[in-house]
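Each chain gets a letter, A, B and so on, in the order the sequences are listed, and its residues count up from 1.
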Amino acid sequence: MQQQMILLVFLILAGITTVVFTYVYASSKKAGQEKQGMSNPLRKRFWFLLILFVVLGIFASVTIPKSPYFLFADETPKKIVHVSAMQFAFILSEKAIDPKSPSGEPIELPANELVEFRVTSLDVNHGFAIYDQSNTLITQTQAMPGYVNRLRHKFKEPGKYNILCLEFCGMAHHGMRSSFIVK
Amino acid sequence: MFKNIVFTFVTINSWFFANAQTASGIEEETNIYERIYNAPIRVSRNQQLTFTDLNNKKPLLLALIFTKCAGVCNPFLLQLKENLQFINSDNPFTILVLSFDPRDRLGDMNLLAQKLGLENNKKWIFAVTDSIALLNQSIGFYPRWDSVRSQYDHDALLVGINKEGYITKKLIGIRDKLDLDLLISSVNNIYSPTYRLPNKNILFSCFNYDPKTGKNRPGLGWLFIALPAVLAMSLLLSISFIVHNKLPAE
Amino acid sequence: MESIKIKKITAVWIITVLVLFIVSIVLGILMRLNQGEIIEQSPITFYSNMTTHGLTMIGIWFVAGMAAVNYLMQRYVKTSYTANVIAYVLTVIGVLIFWTTTFVGKFHAGWTFLYPLPFKVMWATWATPLFLVSLTVFGLGWLIWSISLMTQLLKKYSIAQVFAWQHFRKNPKVETPPFILITMITLIGIITCLFAAVILIALFFAEYFSNGNFLNDALLMKNLTYFFGHTIANEMLYLGLAVIYELFSEVSGRPKWRTTWYVALAWNLTLIFILTAFFHHLYMDFAQPEGFQIIGQLASYLASLPAAGVTVFSVFIAVYRTEIKWSLTNLLFFIGVAGWVIGGLGAVIDATITNNVLLHNTLWVPAHFHTYNAMGNVLFSLAFFYWFTNQFTKNIEDGKFTKLTLAILLIGGIGFLLAFYIGGADSIPRRYSNYPTDFTAAAPLATMGAIFATIYLTAILIFFFKIYKGCLKILFSPS
Ligand code: HEM
Ligand SMILES: [Cu+2]
């Protein structure tokens, strides 16, 4: 699970930071009267920055092309699901949803096929986040009034998926949810 | 009094627009990414093709009309022809003008092509089919016969079909060049992660989609995002100017 | 005379900030307790408390930084006492109005009040316009204050000097102290984002008074909201850094930090990155042009470079194998920098678009921003408060007691934050008054957060009692 990896990486980095700060602090406590300090600080600073820059550069160039806006861009979705979010429910339909009398139906999607969600909102900003059976967030987009966001995804495993609202939308925000089945 | 008039005008106006928009808005969204029915079509006396034959070569823009139309069909095709003259898209496409009236013969279609001055234009194909009912159904297009006027009651419809034979986008009504551009990129499978819903009410729309590049193009709203920085910088410069150019007497 | 007045108003700021801080922490603990199902609040109460907590916290730590910077700036230029007092009065009025809308009016659109949520009234109808009025009052006071400070700087330094451009050349004739440079960069950022707020509020009011004839664009409004919200939350950290640059070496008994070409360059670049990084709040809005999304990720990454390479490194150089006078002040600075770095790591992770898909609006977000606020910026300000009161009241420092308080602060803070981080990695949404039952870990984590936050609060209370007496003494001492 990617989230657990992220947490692990973060904890390791935070641990390293803590160790470095503690070490620096301890070195000051131990230092005697004769001023030692850091030798060649400008050089060290330069190398530190360069390494950081290169690492971040690599990171950016690897991850940016995998951003959701570019995913599955040259494939045709097998299925389209129209989503209209409103306080405090999601309406899902395979047919286009009429904003005047919105209505939907239970959704079943094929596994391992490209699916496109066309997500919009009928009132305020909402989030459209898909959670798998183990309740892990797998993908999301925002539902913004006036715009349709196209979220493409291939579901690998059959089962029930939940949809939660991930943009605060008012007093029943935490109860705003829906689900669909992948077969 | 004046206020009332304005108010009434605005209300009527927005009511009218709202209706027009949502109606077309929802119908444009139906049947998207469904496969178009692979109907056999006759392009000339001795040439029988199918949809697949055509869209395999180039993506299609399908215009559904009937030749005896006293209404929207003619202006629709004229406008389409005109708009396409100003589009120099690198993305390939063919325009297929197909009759949905079973009474139309190939001759009628050729006549129409001549009337429009398009009989020799390679981009345009005029054809008839004998499977119109199935085709209409796969598009979600339902013209109604009005026996009183002896006319079909129907929308002007342009359907985008990509090379794989899927409907990618529909345009209902006589639309402008910008929408046409969007249609052409969609049949060429140029994916844009978003599109705007039509709404004339929003003045400062932030970004306008540019179908030519497949990118959003900053609209007026973009200025509003740049404005704070511009204001802060001008403030900085003017304060600096003022405090350093005080008269010596001061 | 003038400097005595500034001293007194600074003491007033400190007491006000600390009192409001304690109230806001209590609201925070109540939120965590409710999420942990230990107490039961109605969602409306929860969300209006959340709105109060968010905006009050942002507001107080912003003004705390401003008050500290204003006080220290006296060393270089004369500052306006009037502007300071106006800012104080308007801030207090703003808080009173704002709290009325949330506590009485039950306004609960969140401190980010994303358009059009404030117009979908689920509270007293007067609360929406009044909330906008409170924002206007804050904005006015803070604009006056920051523009006044900027003007004073510009009276002494030319534009090139105030941005330390002369340091790009060899052997500059005049030196721009780091404190002046950082303050200037930060003030520009603050003024810019306050202008964004002005435009935002104007657009809100335009729609409010147009009877439906004028509608805003949700995407533009969201951009403006985060231009204001993200930027002000970041700039208040930089105010804290300006204080560190001025005071760290001084209280450590070390030579003053100097501006060099790379310090000048780093801070000039920071100005640009900090004003474009807010785009990372809109990653999940596919409607935002892709170019801006990529700028968002790059600017967020790049913003960390000068910070890490210059500020953090300078702190290391000042401390590493160097005997210095450790006191509560520079210990708080030191730990605060560590907290700031760790929170920054969490932020950089989240500012990566591919991660953001999985972390956006989960508890990861409060996790990282509470790290650099509760364990970063708050410590910067506490350090200043402590240093300030110690200047004028001979507070004998009790080494053991100080260490104990710090330990409590750290234990409380770390436990409180861990509950957020684990929750974020567990896909638990943020801003949920009650968690759906399928998140089995959510409620226990919230309870854990509440317990540790109470420990954190204990440490804050200890600091409060140490500091407030000194402040009162300063306030009532004869001028
Ligand atoms: C120990 C002290 C603190 C506690 C117990 C606390 C608790 C909380 C809680 C429970 C939330 C809601 C989390 C959620 O979305 O579910 C929250 C949100 C927030 N907190 Fe704190 N917090 C503390 C300190 C701070 C500090 C120092 C700041 C300084 C800026 C701060 C700023 C915010 C902001 C801006 C929000 C977002 C509100 C929103 O989502 O609208 N908090 N806090
Ligand atoms: Cu919602």
Chi angles and distances behind the ring-ring contact (aromatic ring centres under 6.0 Å, His included) call for C/Phe316, A/Phe21: CA-CA 8 Å; C/Phe316 282 171; A/Phe21 272 82; 4.9 Å; yes

Taking the side chain as C-beta and beyond, is there a heavy-atom pair between A/Val124 and C/Leu114 under 4.5 Å? no

For a 4.5 angstrom cut-off between non-hydrogen side-chain atoms, does A/Leu49 reach C/Tyr262? no

To the nearest 0.5 Å, what is the distance between CE on A/Met144 and NZ on C/Lys222? 4.5 Å

Could you give the distance from OG1 (A/Thr63) to OH (C/Tyr301), rounded to the nearest 0.5 Å? 4.5 Å

Take C/Tyr47 and A/Phe168, measure what ring-ring contact (aromatic ring centres under 6.0 Å, His included) needs, and give me the verdict at the end. CA-CA 10 Å; C/Tyr47 290 125; A/Phe168 178 62; 4.6 Å; yes

Measure the acute angle between the ring planes of A/Tyr23 and C/Tyr320, then classify it against the limits of 30° and 60° as parallel, tilted or perpendicular. tilted

Between atom CG of A/Leu166 and atom OH of C/Tyr432, what is the distance when rounded to the nearest 0.5 Å? 5.5 Å

Between A/Asp123 and chain C, with a heavy-atom cut-off of 4.5 Å, which part of the residue counts as in contact: side chain, backbone, both or neither? both

Of C/Trp123, C/Phe119, C/Tyr283, the largest count of non-hydrogen pairs under 4.5 angstrom with chain A goes to C/Tyr283

NZ (C/Lys106) and CE (A/Met171) are apart, to the nearest 0.5 Å, by 13.0 Å

Give, for atom OG of A/Ser67 and atom CZ of C/Phe286, the distance between the pair rounded to the nearest 0.5 Å. 9.5 Å

Check the pair A/Tyr131 / C/Phe439 against ring-ring contact (aromatic ring centres under 6.0 Å, His included), numbers first and verdict last. CA-CA 11 Å; A/Tyr131 282 73; C/Phe439 294 100; 5.6 Å; yes

Only pairs of heavy atoms separated by less than 4.5 Å count here; which of C/Ile353, C/Val319, C/Leu358 has the most with chain A? C/Leu358

Donor-acceptor contact below 3.5 Å, side chain A/Gln140 vs main chain C/Val357: yes

Over 12 non-hydrogen atoms of neighbours within 6.0 angstrom of NZ in A/Lys66: no

Decide if the gap between the ring center of A/His174 and the ring center of C/Tyr435 is smaller than 6.0 angstrom. no

Chain C shares the most heavy-atom pairs under 4.5 Å, among A/Leu164, A/Ile64, A/Asn135, A/Thr141, with A/Asn135

Shortest non-hydrogen contact from A/Phe53 to C/Leu302? CE1-CD2, 4.0 Å

Please check if the side chain of C/Gln297 supplies one atom and the backbone of A/Ala60 the other of a donor-acceptor pair under 3.5 Å. no

C/Asp438 side chain near A/Arg177 side chain, heavy-atom distance below 4.5 Å: yes

Using heavy-atom distances under 4.5 Å, tell me whether C/Ile335 contacts chain A through its side chain, its backbone, both, or neither. neither

Are side-chain heavy atoms of A/Phe10 and C/His368 found at a separation under 4.5 Å? no

One should read off an interatomic distance between A/Leu13 CG and C/Ile349 CD1, to the nearest 0.5 angstrom, of 6.0 Å

Proximity breakdown for C/Val341 and chain A, heavy-atom pairs closer than 4.5 Å: side chain

Heavy-atom pair with the smallest gap, counting every atom of C/Met122 and A/Gln87: CE-NE2, 3.7 Å

Work out which heavy atom in A/Gln3 is nearest to a heavy atom in C/Ala425; give both atom names and the distance. CB-O, 3.1 Å

Validation row: C/Val348, A/Phe59 side chains within 4.5 angstrom (heavy atoms): no

With no hydrogens and no angle check, is any side-chain donor or acceptor of A/Arg45 less than 3.5 Å from a backbone partner on C/Phe313? no

Residue part contacting chain A, namely of C/Val310, when any heavy atom lies under 4.5 Å: both

Given heavy-atom pairs under 4.5 angstrom as the criterion, report whether the side chain, backbone, both or neither of C/Ala109 touches chain A. backbone

Considering non-hydrogen atoms only, spot the tightest contact between A/Gln2 and C/Thr354 and give its length. NE2-O, 4.2 Å

Structural part of A/Glu167 lying under 4.5 Å from a heavy atom of chain C: both

Compare all side-chain heavy atoms of A/Tyr147 with those of C/Asp217 and state whether any distance is below 4.5 angstrom. yes

For chain C, the option from A/Leu11, A/Val20, A/Thr17 that forms the most heavy-atom pairs under 4.5 Å: A/Thr17

Check whether any side-chain heavy atom of A/Gln142 sits under 4.5 Å from a side-chain heavy atom of C/His360, and report yes or no. yes

Region of A/Ile138 that comes under 4.5 Å of a non-hydrogen atom in chain C: backbone

Side-chain contact, heavy-atom cut-off 4.5 Å: A/Ser28 with C/Glu323? no

Donor-acceptor pair, A/Asn125 side chain versus C/Ala218 backbone, under 3.5 Å? no

Strictly distance-based, threshold 3.5 Å: is any side-chain N or O of C/Ser427 a donor or acceptor partner for the main-chain N or O of A/Thr136? no

Residue C/Ser314 versus chain A: region with a heavy atom under 4.5 Å: both

